[in-house]
Amino acid sequence: MSQENNKSPFLDQEDSFSNDASSILPSPTMDRFAFNNPQNNIDGAFTDEEYDSVPPTPRIDNTRFEPINTNSNSRKGSLRFKLDDDNIPSSAHGNQKSGKIQSPFLDVHQVIPEDDIFKQPKSPFATEAFENSFDADEVEEDDDGEDDDAEESPSKTKRLRWGTRRNKHGRPKKEGVGRSLTLRRILDPHNKRKHGSHSLRLNSFRKPNTHSVDFPERHHHEESDDEDSNIDLEAEDPKNKKHQQRTIVFNRPLPADYVDPESGKTIKEYPRNKIRTTKYTPLSFLPKNISHQFFHNVANIYFLFLIILGAFSIFGVPSPVLAAVPLIVIVIITAIKDAIEDSRRTVTDLEVNNQTTHILSQINFDSEYHYDNINCNDSKVSAWRRFKKANTRLMVRIWGASKRNLTKEGRANKLRQKYNEEHNITEEPGRRSFDSDIIEASPRNSVDINPFSDDLRKSFQQQRRQSHKYQRSEKTLKFAKKYWKDVKVGDILRIYNNDEIPADVVILATSDDDNCCYVETKNLDGETNLKVKQAMKYSSIEQKITKADDLINHSFQVDSEGPHANLYTYQGNLKYDNNGAEDAQEAITINNLLLRGCSLRNTKWVIGIVVFTGDDTKIMLNAGITPTKQSRMSRELNYYVILNFIFLFIICFISGLVNGIYYTHHGTSRDYFEFGTIAGTPALNGLVGFFVALILYQSLVPISLYITIEIIKTAQAFFIYSDVGMYYPRLDFPCTPKSWSISDDLGQIEYIFSDKTGTLTQNVMEFKKCTINGVSYGRAYTEALMGLRKRLGVDVDTEAAVERELINKDKLQMIEKLHKISNNTTYDDEITFVSSKILDDMLGSSGDEQKNSVDHFMLCLALCHSVMSEQDPKNPKKLLLKAQSPDEAALVGTARSLGFEFKGNTKKGVLINVHGVTKEYQVLNTLEFNSTRKRMSSIIKIPGSTPNEPAKALLICKGADSIIYSRLSKTENDPELLETTSKHLEEFATEGLRTLCIAVRELSWEQYTEWNRRHQIAASSLEDRDDKMEVVADSIERELTLLGGTAIEDRLQDGVPDAISILAEAGIKLWVLTGDKVETAINIGFSCNLLGNEMELLVIKTGYSAEDTNRLGIRFPSGAGEQQVVDTIITHYLGHYFQMEGSLEEQEAAIGDHTPPDERFGVVVDGDALKMALLNPDTKRKFLLLCKKCRAVLCCRVSPAQKAAVVKLVKDTLDVMTLAIGDGSNDVAMIQAADVGVGIAGEEGRQAVMSSDYAIGQFRFLAKLLLTHGRWSYLRFSEMIPSFFYKNVIFNIALFWYGIYNNFDGTYLFEFTYLMFYNLAFTSLPVIFLGIFDQDVEAKVSLLVPQIYRSGILRTEMTQAKFWWYCIDGIYQSAISFFFPYLLYTIGFAGMNGKPVDHRFWMGVIVTCIACISCNLYILFHQFRWDWLSSLIVAISILIIFIWTGLWTINTYSGEFFKAAPQIFGTPGFWPTVFVGVLCCLIPRFFYDFVQRIFWPRDVDIIRECVQRGDFDAYPFDYDPTDPNRVKISAYTSDMINRMSFSSPRRSHQSKKVDNDSDEARNASDTVYEEEFSFSRRLATPPPTPPPGQSISPSKRRSFLRMFKKGSENSSNTYLPEMDSINPIQTEEIAMEDFSEHRREVSRISEENRGQHMP
Amino acid sequence: MWYASDQIEDFSIDYSQCENLASSDFFSEIPSNFTTYHFKSATLTNVPKFSWKLANDNSQEFEDERKVCVVQFEVLNNMKGPIYFFYRLHNFYANHRRFVKSFSEDQLNGKAASLNDIKNTVGQNCQPLSTDSQGRKIYPCGLIANSLFNDTYSSTFQGVNGTSHDYSLTNKGIAWATDKDRFKKTKYNHTEVVPPPNWFKMFPNGYNETNLPDISTWYEFQNWMHPSGLPTFNKLALRNDNDELQAGIYEINIGLHFPVLPYNGQKFIYVSQRSVIGGKNNFLGISWMVGGGVCFILGLALLVINFIKPRKTGDVNLLSWNQERMQRDEQSAALADGTTSGFEKRNST
């Protein structure tokens, strides 16, 4: 064995595939087999045939799956409560090669003869087992009895978990798309896109005018394909350097080919561990940034070209230098912006690079031993780097010096230092604070506050103590504290608890006794749970390394594969001295590798050797960036810019043509006075004329548009960020825009795709009900139930109140009873499970059987989990539960509050306190949960009741009900019990609860040991371990006996129903895409207003019962595949309910059709059906049309790739704006596929947040984000962009008109500073401020009247027509601006004194004044919000023209323009011309606007009038209808809103009733409302002066009105008793008040719960 | 404004054809299409007389420069001062891009600009007239200066044909006072520079110590160096700020030097009063009246419409979604009336 293994597995594969059963290590066939049929029996994998088919190269991954995929089984979908034969794993159909062996205990092929194990002393597991046997408990020794089992006896809980080890099968479904994109730099989400190595990155490309990422089609078919293609493409990826193997040595010479024969030093160079995520270094900034700006921005090239042209005097540019100013300014602004962005990244990089770690280094050079890391050649420092370094040093020195000498603080420090030196005071090095500072400031940890920071201090102190000790004992080696950037390949590191791992490190040893360590991989994959990594056996077991000097005696060599991006595989080999004999070796797997970016948790220290540094680390290889999205408007903008270009070229062509023709004429003044022409022939002159015109009219294409938009978007992003209305205090999380450039898209969203868990729901699990032994316990009134009852027409509000009362009462009773059992009150307030009945039963009121069942059940809950406990820092008595999933914590927590208290883990098992008696239960194995298994099991040792009696093992298995039911024993279970339990579970599911089943299986000790042996073999296999483990686990998790089921409520987030209804009113369609079960999803749908009571649910699934088909009246073609079934059903629905065929024409018609969908229908799609629906383009189209027609769409059990596919389907086919919102890593694909991705900063890590465009704390903020900010952004841009074009048209076309009078010779009418400043100063500010500040209605109004959002969906605000009208208006106005001054000059003389003021520049001043003033006023007119700021800005912009002219012409520097200001402004004709010019410019548009607003008002205009009237005054300015704690608004205003949304009959009726003076009502429409207003106020407020009903003169009434308005700010909660109809909003708000009170109470509890879940 | 403009009395005479049409012996009437006038006392019958005669001025060195156009014009009624005397050029494009920047600011500012300065200054330089063929600097260089309008006007309106009094004008104050800061006496030595080619007849022997022009006091030149933006323009030549121009017939001598006929240009003399808004210009008055009128009419129209068919303020029934709802309600009401559609039927089954 060892001989064979001496060869590197990379070098020769065939040897490893010998028939020796123990060398199963690299068999890739396992993969193939298990992949193909994961539930298959293991023995099928070991036929010779399979071996033979293995190609002799380890990289067969590339191809081997392909032939099989086509026939691989689709997942069986639906919830099954009955025992399903098909699903019993042992009889799974598949391509088994050998005969099936039914019993899992008889698969002899798998059994490895004990001899083999004995013969391999180096086999790590055998050794471990061997050693452990001596540690084993005495009791255990007794129990074990038989000798041959002794070395096998598992005396410890094996922490070999495959759930946490992820390979391509461990995480099969979720990661297809999202995985590669998981890692992104935290602070720079939208920067350079390092082209990631993942296949999908290769496959995904950006189409020119869209920001979609293309997911390969096949991802939709088979998730499994994802994996294959990943592997497939990885090989082609330039970043994949998997084949560049490397050998790292320690205390031994390097292999010959690594050494430079001359110097004896290594020739290998590895990337430094210093990382740089910045685009620029200070040195490269200028050249790189500027070239970047010019190469990536066509507009800049264009302007640069024009400037270069302008440098030639033939084009008559008056000042080429100044002509370059706008471009220079813009380039500089952009550069500054880039620099700021980049400097932030630099700071982060610096922080990262300067984090400290501990590297092995020699401190005592006297000893014979000499340590040096020879793996890395660091002597060669390139000249460039040296130059850089010198620069850096210089900069640092200059910076330091300037800081010391120039700042106050620096000087003070200097003085202090001096003083200290004089007085011999040495400052205490602030070691701890330094470290902790780094850690706290580090972006990776910024996500949550590190709860371990105290431990950190401890560990450092400890270490210091240690080092003291060793110093005394002459230590040679030491782990010296160094920076991350100093870490080199081959370095030995010691990493302490809570430290981040600085590089990819192979673990040599850990502080843990079982040589495990825990890491948190949040930065890598976004999962917050802890994962176990294992140290190498060689260095941790045989000769355990615990301190630096231990390493002196070690020498080993690591043969590693090259760096590649796959996070879940690693292959390496550790060769080590075998007591002077030949090298022994041990395989290194991903499980021994700590990846950079992870954090060490719950482990004191880890010692490891660095294999990959810097850019070779997996996190860096994976670093991908969210695709930069471009907003729709930006895309449209390009179109307009192109139109503008065309326009520009047309007028330039005209200019050139006319100019050329002019030069063919003779007998003009030119012939006599101009001494020839510029270009000679007329044709050439015309050509020159063209370019002259191009330069002249260049700003027709607005140079500053892009930068203006950037500025505005930045400001908008800032507003969004600083909106307190979207601030989530619990997580201290404001709404964070990650990409700043798509705020306008927020205003046009038509489809929202939402995840359910964590998005609509809180992901806070509360144990609500359970069923034990056929008895259902628990009392709860869930929101889903509320929705259910609402559907039945029950008055849920009263019912809820009653129910809550009852629950509270019951809870008190329960607590009382609980105290009877035990007097532990620590966890009383954590009780979410309310049932006094269960306590009665625990006390034995329903007989012993039930009592035992309940106890057993609770004990099982307390035993079977992977929760870890930790002391609550606030309450030392209390333990916090730290679980991988909140469900688990809820289960354990409930058991605990019922007296089955989980106290913590011990080496062997768990401590459980049952009603005050603490017992230790030995957990033999834990079979972890993962998403394919959907179950987890623990095997508990049950000692025999007497010493003689053999011990037994109890397998406790909890899992999804369908999984457990399919694994139940057919003989052991009482069918009746199964029936009732499944009924209960179904009930629970209907209430929107998540259900789990608990089952047990008793094993005899023999059974167990036999299984455990196989388990260990599987666990110790080096290749495909996870599949083997799964097969082994599968073999024991059978024949279960059902105990019962649990039901956990996943609470809805605050304000979700309100937010959804508001969004729906706004015309936004919400689709829920969830991985949950159909039933849960439907119930959540009901409870959050998504589904209505009258709605007919159109269910699409793959299988229909006969009953279903009869009801629907359809018949599936016989033998139809799933796809046909789905197609048939969709076609049926379409035809039956909507009279549609799903033809292409209908799809064409559907594009651009934004009518609200039919309220009566909702679609529910199952994941499998969805897969089928998306397979076929025809079906896809039909499906889309169907969904579009229905109000609600729920897609259940969909994979991330499917989510993305649905989003893309809608986005691309219907040409609508989509938004995806989610919180987990499974939503990443969807978030990136949608136009706007919103991430919720929830409990499930920040994966979604990292890849999102906007990150919010709660779902309900979405309403405000879209309806307020999005809408504003959209409106602002749709006003600002045409205005921008308009203002350039008006100015440049004026130049064109001037061309008529100078033969289009390209003379400048304007002084060149005017040209320069027109866009920069004269007109830019109003447009920018319009873009930043304008709002048509306040935030609260846009939330109260969400319907006004529809204009964004319909895209009525920014249309081509609008653009054209603005341009035409601009042309008209330019004509006015030019010809009015022209007319002033053309007849007589202009000045008072006849002196010359007819110079073109003087004329240009008038033209500019008219153009600028009318332009600025025009923008002011189109601004909705007129406040002092906008007026001020416009005033400043107008004044600046005069001021500038005055200042500039004061001196002869201005040359020709000298004294133009006093001359032209002193000309009496100037002012009237400007006035009448501006007037004429603005009249048409003003008139149009006015008429439109008066006679054809848009919705917004009406709403604005309502606002003016004061309809919304009662609402506070920050009113948010989704806020559960919002201020209650009086009945009157609610009524107002009612009237907003109800049609006339009701209103007229009211006004008749209220208004006594009918004449007035007819005359002035306002009166009606005023009357009502005062009337309702009168009822509410103390005695009004005139009694109601008397006629009051309108003016008087108005003053009352004003009075009342003031009053209304204080008064609230006024009711209108005489209201003839019940006001729904009013009642709702009362209920909400109640509800929120309750909610507060609940949230207090759940907050504490949450505290536990958060690590 | 219109009134003010209307009050201005002025007249202009196009004398470009003088050398062709005027007799050299006697005064002949100027064809009426060459003249315009506006006198308060002018009626259909009472029209002012304009006549011209071509004379010779033998003092001129060159033969082709000796023509003098003697123009007689009748002022029908007294014109109050100030009186401005302009020359007007038509179809003279002083606004071509190469023309307008062909001068040297440095030279104008009195500096002794180097050859390089006048030739290669960015933005404005004297090309193509920086040097003569021998490479000597031209002063003042550039196309603008070269094309200087050089017709001469006698500075007195001489009363003739019974008008006993003359009316004298001056060229003082025809240019902006501030121009003296820009136009300064040159620091060039007369040997360094040569006059522009078109000035040859003015300076047939080039510059000498005495005749180097002092542009700081050469107001006509200063005015000319403000090239007009439009091809038709007036430039002030003479003025009298105080005296009233009394009715009568006056004569003025115009030395014809500036060519306009080859390029279909025209040159005028233009004598005008001024008003509060400057020169005679009906445009302002008219535009204000029209603009105001339009506003008034539109306002009135809106008011009328608003009275006839007003819209309620903030009428929520007009909101699009309420309209939709009403439409739907009506539809469903219609459906409920018994016209059950196939859709409903199918639904109910």
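Just so we're on the same page: letters track the sequence lines, and every chain starts at 1.
Applying the side-chain contact (heavy atoms from CB on, under 4.5 Å) test between B/R97 and each of A/L696, A/N1302, A/N659 identifies A/N659 as the sole match.
Residue with the most contacts toward chain B among A/N1303, A/L1479, A/L1309, A/I1483: A/N1303 (heavy-atom pairs, distance under 4.5 Å). Comparing A/T1467, A/D1499, A/V692, A/I1348 by how many heavy-atom pairs each has under 4.5 Å with chain B, the most go to A/D1499. For chain A, the option among B/P128, B/P262, B/S147 with the highest count of heavy-atom pairs below 4.5 Å is B/P262. Of the residues considered (A/P1497, A/G1469, A/G1306, A/C1480), A/P1497 shows the highest number of contacts with chain B, using heavy-atom pairs under 4.5 Å. Heavy-atom pairs under 4.5 Å with chain B peak, among A/Y1298, A/W1471, A/Y1308, at A/Y1298. With chain B as partner, the option from A/L1384, A/D1501, A/V1491, A/T1473 having the largest number of non-hydrogen pairs under 4.5 angstrom is A/L1384. Considering only heavy-atom pairs separated by less than 4.5 Å from chain A, the leading option among B/S272, B/G173, B/S228 is B/S228. Comparing A/T668, A/V1500, A/N1451 by how many heavy-atom pairs each has under 4.5 Å with chain B, the most go to A/T668. Contact tally against chain A (heavy-atom pairs below 4.5 Å) for B/Q222, B/K280, B/K309, B/M225: the top residue is B/K280. For the set B/S12, B/G279, B/S275, the count of heavy-atom pairs under 4.5 angstrom toward chain A peaks at B/G279. Taking B/N198, B/N95, B/L236, B/D181 one by one and counting their heavy-atom pairs under 4.5 Å with chain A, the maximum is reached by B/N95. Counting heavy-atom pairs closer than 4.5 Å to chain A, the top-ranked of the candidates B/I277, B/L143, B/N109, B/N91 is B/L143.
Between atom NE2 of residue B/H226 and atom CZ of residue A/R1400 there is a gap of 12.0 Å, rounded to the nearest 0.5 Å. Here the straight-line distance linking atom CG of B/N322 with atom CD1 of A/I1502 works out to 9.0 Å at 0.5 Å rounding. Here the CZ-CG distance, from A/F1380 to B/L284, works out to 9.5 Å after rounding to the nearest 0.5 Å. Atoms CD1 and CZ, from B/I297 and A/F1487 in turn, are 11.0 Å apart once rounded to the nearest 0.5 Å. To the nearest 0.5 angstrom, B/L298 atom CG is 10.5 Å from A/F1490 atom CZ. With values rounded to the nearest 0.5 angstrom, A/F1379 atom CZ is found 15.0 Å from B/S287 atom OG.
The shortest heavy-atom contact between A/F1495 and B/L302 is CE1-CD2, 3.9 Å. Looking at every heavy atom in both residues, B/G278 comes nearest to A/P1468 through N-CG, 3.8 Å. Across all their heavy atoms, B/N306 and A/I1494 have their closest contact at OD1-CG2, 4.3 Å. For the pair B/M1 and A/P1472, the tightest heavy-atom approach, listed with the atom from each and the gap, is SD-CB, 3.7 Å. Nearest heavy atom pair, residue B/F103 against residue A/E1456, reads CZ-CG, 3.2 Å.
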Query - Criterion ring pair (Phe, Tyr, Trp, His ring centres under 6.0 Å) on B/H96 and A/Y662, from CA distance to verdict - result: CA-CA 12 Å; B/H96 286 160; A/Y662 165 73; 5.0 Å; yes
Requested in this report: Applying salt bridge (charged side-chain N to carboxylate O under 4.0 Å, His left out), run through A/K1459 and B/D179 and close with a yes or a no.
Outcome: CA-CA 8 Å; A/K1459 288 293 176 197; B/D179 273 356; over 6 Å; no
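Side-chain atoms of B/W176 come within 3.5 Å of backbone N or O of A/P1396 as a donor-acceptor pair. Proximity of a side-chain donor or acceptor of B/Y84 to a complementary backbone N or O of A/K1395 within less than 3.5 Å is not detected.
Residue contact with chain A, scored on non-hydrogen atoms closer than 4.5 Å, involves the backbone of B/V276 exclusively. Heavy-atom distances place no part of B/L108 under 4.5 Å from chain A, backbone and side chain included. Using a 4.5 Å cut-off between heavy atoms, A/R1350 touches chain B through its side chain atoms alone.
Residues A/D1305 and B/Y93 have side chains not in contact (no heavy-atom distance under 4.5 Å, counting atoms from C-beta outward). Taking 4.5 Å as the limit, some side-chain heavy atom of B/K235 sits within range of a side-chain heavy atom of A/D1398. At least one side-chain heavy atom of A/M1403 sits under 4.5 Å from a side-chain heavy atom of B/L230.
For B/W288, the CH2 atom is densely surrounded, since the number of other residues' heavy atoms within 6.0 Å is greater than 12.
Ring to ring, B/F233 and A/Y1385 are not that close: their centroids are 6.0 angstrom or more apart. Aromatic ring centroids of B/F92 and A/F673 lie under 6.0 Å apart.
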